[in-house]
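First the structure, which I've put down as structure tokens, then a few questions once you've had a look.
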Amino acid sequence: MASYEDVMSLSVRRGFLWPAVDLYGGFAGFYDYGHNGTLLRRHWEEVWLEHFLGLNDNYYLIDTSTILPEPPLKASGHVDHFTDLLVTCTRCGESHRADHLLEAATHVEHEGLSSSEVDAKIREAGIRCPKCKGELGASRPFNMMFPLAVGPTGKDAAFLRPETAQGAFLNFRREFEALRRRLPMGLAIVGRAYRNEISPRQGTYRMREFLQAELQIFFDPVVFADQVPTASVADVPVRLCWAAEKNEPTAHDLTSKELVARGLPTWYVYHLVQVQRFYLEVLGIPREHFRFAELDAKERAFYNKIHFDVQVRQESLGGFKEVGGVHYRTDHDLAGHEAGSRQKQAVTVATTRLVPHVLELSFGVDRNVWALLDLDYTPGERATLHLPPRLAPIGVAVFPLVNKDGLPERAEALYGLLRKRFTAFFDDAGSIGKRYARMDEIGTAFCVTVDHETLEGKGVTLRDRDTQKQVRVPEGDLPARLESLLSGEARFEPAA
RNA sequence: GCGGCGGUAGUCUAGCUGGUUAGGACAUGAGCUUGCCAAGCUCAUAGCGCGGGUUCGAAUCCCGCCCGUCGCACCA
């Protein structure tokens with residue numbers, strides 16, 4: 001666990017991440033990744049893809065446009081739901097959401113009203129500022145999406161995509177054909193999304209440009225439960241809290257069976273287990289720092305029927321914070337695009353004709369990287385980033401014990417060999433202890449040192465980050481040994 | 001967006017009741033050392049967020065902006 005200051009200091013000093021454009025004073029809501037941050041993030045993406053595409057043979061990665069014209073975003077609901085009309089009090093300057101004020105005063109929902117209609121209704125109902133009773137000014141639209149002018153006239157409205165998900169829905173029909181009409185079908189996208197956040201804060205937690213990793217699973221709700229091995233997870237405890245407990249730092253363990261008994265679909269619970277496995281086993285998040293958090297109907301997005309957030313407790317962000325979500329979007333998206341595009345989205349599988357439903361596994365990549373930095377970093381005398389070996393920016397570092405007697409040349413030759421298979425790093429500056437310390441702080445799990453015994457054919461030393469223990473390994477065995485250590489197949493055994 | 005607090009080398013910080021060659025620690029680079037965990041010595045690099053104002057003189061006082069942070073609002 002590390003404080004916000006510790007995470008930022010490490011990130012800046014060691015080339016993980018920092019505020020974008022800080023040369024010019026910074027640009028709120030945007031962060032850049034340095035060389036180590038980029039490697040860490042890429043490794044996170046690799047294990048994410050491996051884990052989630054591995055859930056089914058029919059799950060694939062695609063890549064789609066980050067700019068979308070208005071019609072699909074109208075159909076998805078973003079144009080209407082993503083735009084709020086704000087009214088500002090002429091006396092105290094406080095801004096309020098017009099629809100909230102109207103709803104509070106008239107107890108009627110007011111959706112999709114224009115700015116002038118809202119102004120008329122506010123006057124009609126005689127609504128004043130709830131804070132100071134001052135007179136309210138004219139309403140103005142605030143859209144969380146970034147508008148763009150595309151083409152020479154810029155007449156056709158377009159936006160930077162507010163989520164990657166739409167790319168999967170827009171390409172559903174094409175991929176369904178290309179993948180030979182099978183369900184379930186999974187389309188994953190790892191890419192950037194953009195939201196004009198009112199107040200971006202807390203490092204990479206809330207940004208205006210961010211990376212999402214999402215898997216949209218298209219399925220037939222009638223048969224999906226029989227298509228996933230739900231029995232295999234029946235007794236697995238799932239760590240979660242209910243909507244009413246979300247503000248408490250608590251969590252319970254309920255088995256999959258119990259969750260199903262409470263009314264969650266078996267296929268939904270199965271995916272909760274798979275997401276939990278990713279966090280606990282692949283990312284190595286301590287169990288007590290992980291939970292799912294239920295969202296009630298009021299908090300859920302308009303399209304979600306069942307929604308649990310994935311949360312990781314972080315000291316730097318002050319508690320459990322959302323890093324992902326498991327959303328049952330029903331047929332909302334495909335049905336919406338069917339209406340918007342007037343193109344049929346229903347498909348026939350075997351004898352059933354249906355508009356597939358969608359289960360969305362959605363993750364904020366930057367938030368995940370931040371969570372790893374928070375949880376895995378222990379600052380102090382022996383500052384160490386305890387990343388899972390595979391995720392570390394550098395897989396293996398190679399050092400000569402001293403800079404004489406031909407050791408540097410020998411070490412460099414070994415480095416040249418290893419770098420073809422691993423993310424390797426060579427260093428001959430300063431003392432050996434300092435080099436180990438530097439590697440500890442960026443999470444390098446294994447360091448290889450060439451010493452005088454190496455020259456006598458007695459192999460090299462292999463050092464483990466977390467125990468600081470060493471073993472001698474014949475140079476020829478090194479690649480295979482590192483391979484199994486980095487993949488997690490083998491553990492470092494000082495006695496071996 | 002509103003209000004409180006803040007912004008000094010890469011990092012952490014002293015200085016902030018105006019006058020300092022803006023100090024330190026760590027980090028970084030070069031060299032000498034170095035025989036396994038941030039050792040030592042020598043030298044070096046590098047800073048007052050941006051802009052304006054007050055003043056003989058501004059890191060220091062005032063204003064605007066930017067950025068950060070906490071609270072409110074927002075987070076479909």
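We name chains A, B, ... by the order of the sequence lines, and we start the count at 1 in each one.
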Among B:rU11, B:rG71, B:rG35, the nucleotide that comes nearest once only the side chain of A:Ser9 is considered: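 Closest of the options to the side chain of A:Ser9: B:rU11.
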Heavy-atom check, side chain of A:Val326 versus side chain of A:Tyr268, under 4.5 Å: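 Side chain of A:Val326 against side chain of A:Tyr268, heavy atoms only: contact under 4.5 Å found.
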Distance, P atom - from B:rG1 to B:rA25, rounded to whole angstrom: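 My reading of the P atoms in B:rA25 and B:rG1 gives 42 Å.
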A:Phe426 and A:Tyr415 aromatic ring geometry - parallel, tilted or perpendicular at 30°/60° bounds: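 If you compare the ring of A:Tyr415 with that of A:Phe426, the planes turn out tilted.
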Rounded distance (Å) that lies between atom C1' of B:rC75 and atom NZ of A:Lys321: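 Distance check: A:Lys321 NZ to B:rC75 C1' gives 10 Å.
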Per A:Tyr4 side chain, nearest of listed nucleotides B:rG10, B:rG71, B:rG68: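 Selected nucleotide: B:rG68.
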Within the 6.0 Å centroid threshold, strictly below: A:Tyr33 and A:Phe16: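 Ring centres of A:Phe16 and A:Tyr33 not closer than 6.0 Å.
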Within 45° cone and under 6.0 Å: A:Arg208 NZ/CZ vs A:Phe146 ring: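 So A:Arg208 doesn't make the cation-pi contact.
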Sugar-phosphate, base or nothing in reach of A:Phe399, heavy atoms under 4.0 Å: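 No contact.
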Touch class at under 4.0 angstrom, heavy-atom based, for A:Asn403 against every strand present: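 Base contact - A:Asn403 has a heavy atom under 4.0 Å of at least one base atom.
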Watson-Crick or G-U stems involving RNA chain B, each at least 3 pairs long, distances under 3.5 Å, ordered by first number: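 Looking at RNA chain B, the stems formed by three or more consecutive pairs are B:1-7 with B:66-72, B:10-13 with B:23-26, B:28-32 with B:40-44, B:49-53 with B:61-65.
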Out of B:rG10, B:rG68, B:rU69, whichever nucleotide has its closest atom nearest the side chain of A:Val12: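 Selected nucleotide: B:rG10.
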Euclidean distance, atom CD of residue A:Gln202 to atom C1' of B:rC75 [Å, nearest integer]: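 After rounding, the reported distance stands at 12 Å.
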Value in whole Å for how far the C1' atom of B:rG3 lies from CD1 of A:Ile198: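 Computing the A:Ile198:CD1 to B:rG3:C1' distance gives 16 Å.
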Atom C1', compared across B:rC70 and B:rC63: separation rounded to whole Å: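 Between the two C1' atoms, the distance is 24 Å.
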A:Arg206 side-chain proximity, nearest of B:rU11, B:rC70, B:rC75: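 Per side-chain heavy atoms of A:Arg206, the pick is B:rC75.
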Row check, A:Tyr205 ring normal vs A:Arg367 NZ/CZ: under 6.0 Å, within 45°: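 Verdict for A:Tyr205: a cation-pi partner in A:Arg367.
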A:Phe169-A:Phe172 aromatic ring centre distance below 6.0 Å: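 Between A:Phe169 and A:Phe172, the centre distance exceeds or equals 6.0 Å.
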Face-on cation placement of A:Arg463 at A:Tyr436 ring, 6.0 Å and 45° thresholds: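 Satisfied, under 6.0 Å and within 45°.
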Inter-nucleotide P distance (B:rC66, B:rA76), Å rounded: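 26 Å, rounded to whole Å.
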Distance, C1' atom - from B:rA46 to B:rC32, rounded to whole angstrom: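 My reading of the C1' atoms in B:rC32 and B:rA46 gives 24 Å.
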Closest-nucleotide 5' rank along RNA chain B - winner of A:Phe82 and A:Pro200: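 Result of the comparison: A:Pro200.
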Nucleotides 36-51 of chain B: protein proximity per nucleotide (B base, S sugar-phosphate only, - neither; heavy atom, under 4.0 Å): BBBS------------
Distance in angstrom units between A:Leu17 CG and B:rG68 P, rounded: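 In whole Å, B:rG68 P lies 14 Å from A:Leu17 CG.
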Separation of atom CG in A:Asn143 from atom P in B:rG1, rounded to whole Å: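 Taking CG of A:Asn143 and P of B:rG1, I get 16 Å after rounding.
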Position toward the 5' end of RNA chain B (nearest nucleotide), A:Arg329 or A:Glu5: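 Result: A:Glu5.
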B:rA58 versus B:rC50 - spacing of their C1' atoms, nearest Å: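 Those two atoms are separated by 16 Å.
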Ring-ring centroid check A:Tyr328 A:His357, cutoff 6.0 Å: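 Close enough - the centres of the two rings lie under 6.0 Å apart.
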Touch class at under 4.0 angstrom, heavy-atom based, for A:Gly15 against every strand present: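 It contacts nothing in the nucleic acid.
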Pairs involving residues 392-419 of chain A, ordered by first then second residue, that meet salt bridge (Lys or Arg N to Asp or Glu O under 4.0 Å) (sequence neighbours left out):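 Of all non-adjacent pairs touching residues 392-419 of chain A, those that pass salt bridge (Lys or Arg N to Asp or Glu O under 4.0 Å) are A:Arg410-A:Glu475.
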Nearest-angstrom distance, P atom, B:rC43 to B:rC61: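 Looking at atom P only, B:rC43 and B:rC61 are 36 Å apart.
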Spacing between A:Arg201 atom CZ and B:rG4 atom P, to the nearest angstrom: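 Roughly 14 Å, once rounded to whole Å.
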Spacing of A:Arg208 atom CZ relative to B:rC75 atom P, expressed in whole Å: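 Interatomic distance, CZ of A:Arg208 to P of B:rC75: 15 Å.
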Aro-ring/base stack A:His78-B:rA76, d under 5.5 Å, angle under 30°: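 Stacking between A:His78 and B:rA76: absent.
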Span that lies between the C1' atom of B:rA59 and that of B:rG15, in whole angstrom: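 That atom pair is separated by 8 Å.
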A:Phe210 six-ring centre to A:Arg192 NZ/CZ under 6.0 Å and within 45° of normal: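 Cation-pi check for A:Arg192 and A:Phe210: fails.
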Criterion side-chain hydrogen bond (donor to acceptor under 3.5 Å, both in side chains) against A:Glu360, the qualifying member of A:Arg329, A:His307, A:His271: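 It is A:Arg329; the other options fail the test.
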Interatomic distance where OH belongs to A:Tyr31 and P belongs to B:rC67 [whole Å]: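 Rounded to whole Å, this separation is 12 Å.
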A:Val402, nearest nucleotide to its side chain (from B:rU69, B:rG10, B:rG35):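 Out of B:rU69, B:rG10, B:rG35, the nucleotide with an atom closest to A:Val402's side chain is B:rG35.
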P spacing across the pair B:rC16 / B:rU21, given as an integer number of angstrom: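 It comes out at 15 Å once rounded to the nearest Å.
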